[in-house]
2 protein chains.
Amino acid sequence: MATDCRTCPLRKWPIFDPLTEAEISFMETFKSGELAITGGATLMMEGSNSPQLFTVLEGMGLRYKTLPTGERQVINFVFPGDFLGLQAGVMSEMQHSVEATTPMRLCVFDRKSLWSLFEGHPDRAFDLTWIAAVEEHLLGESLAIIGRMSGLERIARAFVRLYERGTAQGLVKDNEMPLPYKQHDLADALGLSLVHTNKMLTRLRELGFASWQGGRLKVLDYAALCELAQLESDRAQVTRPLI
Amino acid sequence: MATDCRTCPLRKWPIFDPLTEAEISFMETFKSGELAITGGATLMMEGSNSPQLFTVLEGMGLRYKTLPTGERQVINFVFPGDFLGLQAGVMSEMQHSVEATTPMRLCVFDRKSLWSLFEGHPDRAFDLTWIAAVEEHLLGESLAIIGRMSGLERIARAFVRLYERGTAQGLVKDNEMPLPYKQHDLADALGLSLVHTNKMLTRLRELGFASWQGGRLKVLDYAALCELAQLESDRAQVTRPLI
DNA sequence: CGATCGCTTGAGCTATCTCAACCGGCGTGG
DNA sequence: CCACGCCGGTTGAGATAGCTCAAGCGATCG
């Protein structure tokens, strides 16, 4: 059993380091192509059985579920580096939809290669499981946020998390990063109404904590934001895997 | 790539079929022991790095996170057949705690065997990933429940889901099953206050839909409950994996 | 130029929360 | 064996965060 922390493209995702040459060439062997889609396009549909898996190279999007009432629950925001379609690859179908909010460029894998990963590359297979576990962890966290925090706090939390991801992806410049979503998307992610989300956003701006306008998030007082979000401001990241 | 649906102990979990002899003997080879704990005991602690993985043989419990404010978010309820500790096995530490609410009997695996699973049994490794993906799906669903449904609806939903799981585990008799939790646990799972949970439980009882007292859940009007819960009453289960 | 879209703001309304008291059962210790 | 204290559950009352409805506004686009 290996105990060192080998480099690993898949494993990079929540870690957010850029890929090395070697990793990229490894991924190339599994890659079955590249896909470019326009903003607003739906990449995967809830209930569909997509034969492909994707890694996001560029662009942003979101995952969501549609409730029988027509309401929408945004599961999370999709950033470059994210791995999409594991559910469809592993279960029979997707349990949520994925939509692009900007044009996206994706690296495409065939579902079949998933299986060969398990057969021939146990370490990479392990990474996949790791990704799923991290995902699970993040969803657990979201659950706690939505279940227990106030509107203002939820937004602060979302901003801190998104800002961290943006930082790790090198998207942040001058405390500012692209965040190409609608207020409605955020509301649906946080279990708030659009109106209330809007009011809390205004409040956050008035407080001088953060401002999100024109698709760009500007963090003005990171410490204050973290405190509201009930997070340590020293950015407690997901820790590296053991094996 | 195999495409049939082989029998698989791990994979059984969300499927809820009893294990066959062969499966049991397979698991035995990885088993490192059995553990019995008393009701109220904490099996795993958030942040701890448990070297063990467990399968629940008997008893019930719950997973939860503790927020900095001291509040608690119950992630989900632990039933017989559940697999515990994947996060600690795969990431460096648990992101939530696990507590027994009744005495429990657990099958113990060593973390090391996890790795040998990946090395020598790709199909079983695949199952593990599958479990993680299912878990992820269920959490996504919980997110939608907490984010978008009213108190009464959330409780109805929880009851239907728990009842389904109970049915699959053979715990149901006369429309009744053990549900050894406190109202407080349910409240913490659904993001509601204890008081409000209590009032909605009373309402559900008055409506003649379901009654939960003395640690036993009695479902009186399954169809009505499902409608409230925005679920089809024909029990849409998690589908079997493809591979 | 009209229409649509995303955002903003105001005004009530109510689901849910908090605080607080009370009740019955059970275990413990005097 | 009684009395006390604690725990889980129940109920009431007032406070409020967040919801819905509704209107208006500035861009963008055909």
Side-chain angles (χ1 to χ4, degrees), chain A residues 38-40 60 62 67 69-74 99 101-102 144-158 178-207 210-218 228, chain B residues 38-40 60 62 67 69-74 99 101-102 145-159 178-207 210-218 228:
Chain A
T38 63
M60 292 173 163
L62 39 81
L67 309 205
T69 57
E71 288 173 298
R72 193 178 65 146
Q73 175 69 42
V74 170
E99 187 180 309
T101 57
T102 69
I145 294 172
I146 293 191
R148 293 290 154 202
M149 294 170 69
S150 77
L152 196 65
E153 291 166 341
R154 291 184 217 183
I155 293 182
R157 179 77 156 225
L179 195 62
Y181 299 99
K182 293 180 268 184
Q183 294 189 354
H184 204 89
D185 297 328
L186 186 62
D188 283 349
L190 299 179
L192 297 172
S193 74
L194 168 61
V195 173
H196 198 243
T197 302
N198 179 292
K199 282 170 182 165
M200 293 302 106
L201 282 171
T202 319
R203 166 113 46 109
L204 226 41
R205 221 178 298 135
E206 285 166 358
L207 285 169
S211 130
W212 174 38
Q213 273 163 325
R216 296 192 66 82
L217 172 65
K218 194 182 300 190
L228 242 188
Chain B
T38 64
M60 291 174 164
L62 38 82
L67 309 205
T69 57
E71 288 174 299
R72 194 179 61 147
Q73 175 69 40
V74 169
E99 187 180 310
T101 57
T102 69
I145 294 172
I146 294 189
R148 295 289 154 203
M149 294 170 69
S150 78
L152 195 66
E153 290 167 341
R154 293 185 215 183
I155 294 182
R157 179 77 156 225
F159 279 177
L179 196 62
Y181 301 98
K182 293 180 269 185
Q183 293 189 353
H184 204 91
D185 297 328
L186 186 61
D188 283 348
L190 301 179
L192 296 172
S193 76
L194 169 61
V195 173
H196 195 59
T197 303
N198 179 292
K199 283 170 182 164
M200 293 304 106
L201 283 170
T202 322
R203 166 111 49 106
L204 226 41
R205 220 178 299 135
E206 286 167 357
L207 286 167
S211 129
W212 175 37
Q213 273 163 325
R216 297 192 64 83
L217 171 65
K218 193 182 299 189
L228 242 187

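A note on names: the letters A, B, ... follow the listed sequences, proteins ahead of strands, and every chain is numbered from 1.
At least one donor-acceptor pair closer than 3.5 Å links the side chain of T101(B) to the backbone N or O of M60(B).
Separation of atoms CD1 (I155(A)) and CG (N198(A)) is listed at 9.0 Å; rounding is to 0.5 Å. With values rounded to the nearest 0.5 angstrom, L204(A) atom CG is found 11.5 Å from T197(A) atom OG1.
The residue G191(B) sits close only to the backbone: its heavy atoms come under 4.0 Å of sugar-phosphate atoms, none of a base. Nucleic acid contact class of G214(B) (heavy atoms, under 4.0 Å, all strands): none. Among the heavy atoms of the strands, none lies under 4.0 Å from L194(A).
Of all non-hydrogen atoms in R72(A) and L62(A), the two that sit nearest each other are NH1-CD1, 4.2 Å.
Here the side chain of Q183(B) is nearest to one of dT10(D), dG8(D), dT9(C), namely dT10(D).
Look at CE on M200(B): it is 9 Å from C1' on dT16(C), rounded to the nearest Å. With rounding to whole Å, H196(A) atom NE2 is found 18 Å from dT14(C) atom P. Remark: C1' of dG9(D) and CG of L204(B) are 16 Å apart, rounded to the nearest angstrom. Nucleotide dC5(C) holds its C1' atom 8 Å from the NZ atom of K182(A), rounded to whole Å. Separating the CG atom of L201(A) from the P atom of dC7(C) is a distance of 9 Å, rounded to the nearest angstrom. For the pair E71(A) CD and dT20(D) P, the computed distance is 8 Å after rounding to whole Å. Remark: C1' of dT10(D) and CH2 of W212(B) are 14 Å apart, rounded to the nearest angstrom. Rounded to whole Å, atom P of dC21(D) lies 14 Å from atom NZ of K199(A).
OP1 or OP2 of dC7(C) has not a single side-chain nitrogen or oxygen of R205(A) nearer than 4.0 Å. OP1 or OP2 of dT10(D) has at least one side-chain nitrogen or oxygen of Q213(B) nearer than 4.0 Å. For N198(A), no side-chain nitrogen or oxygen approaches OP1 or OP2 of dC7(C) to under 4.0 Å. Side-chain N/O atoms of R203(A) include none lying less than 4.0 angstrom from OP1 or OP2 on dG18(D).
Where R154(A) and V195(A) each meet DNA chain D at their nearest nucleotide, the meeting point lying more 5' is that of R154(A).
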Derivation of the side-chain contact (heavy atoms from CB on, under 4.5 Å) call for M200(B) and R154(B): CA-CA 10 Å; M200(B) 293 304 106; R154(B) 293 185 215 183; over 6 Å; no
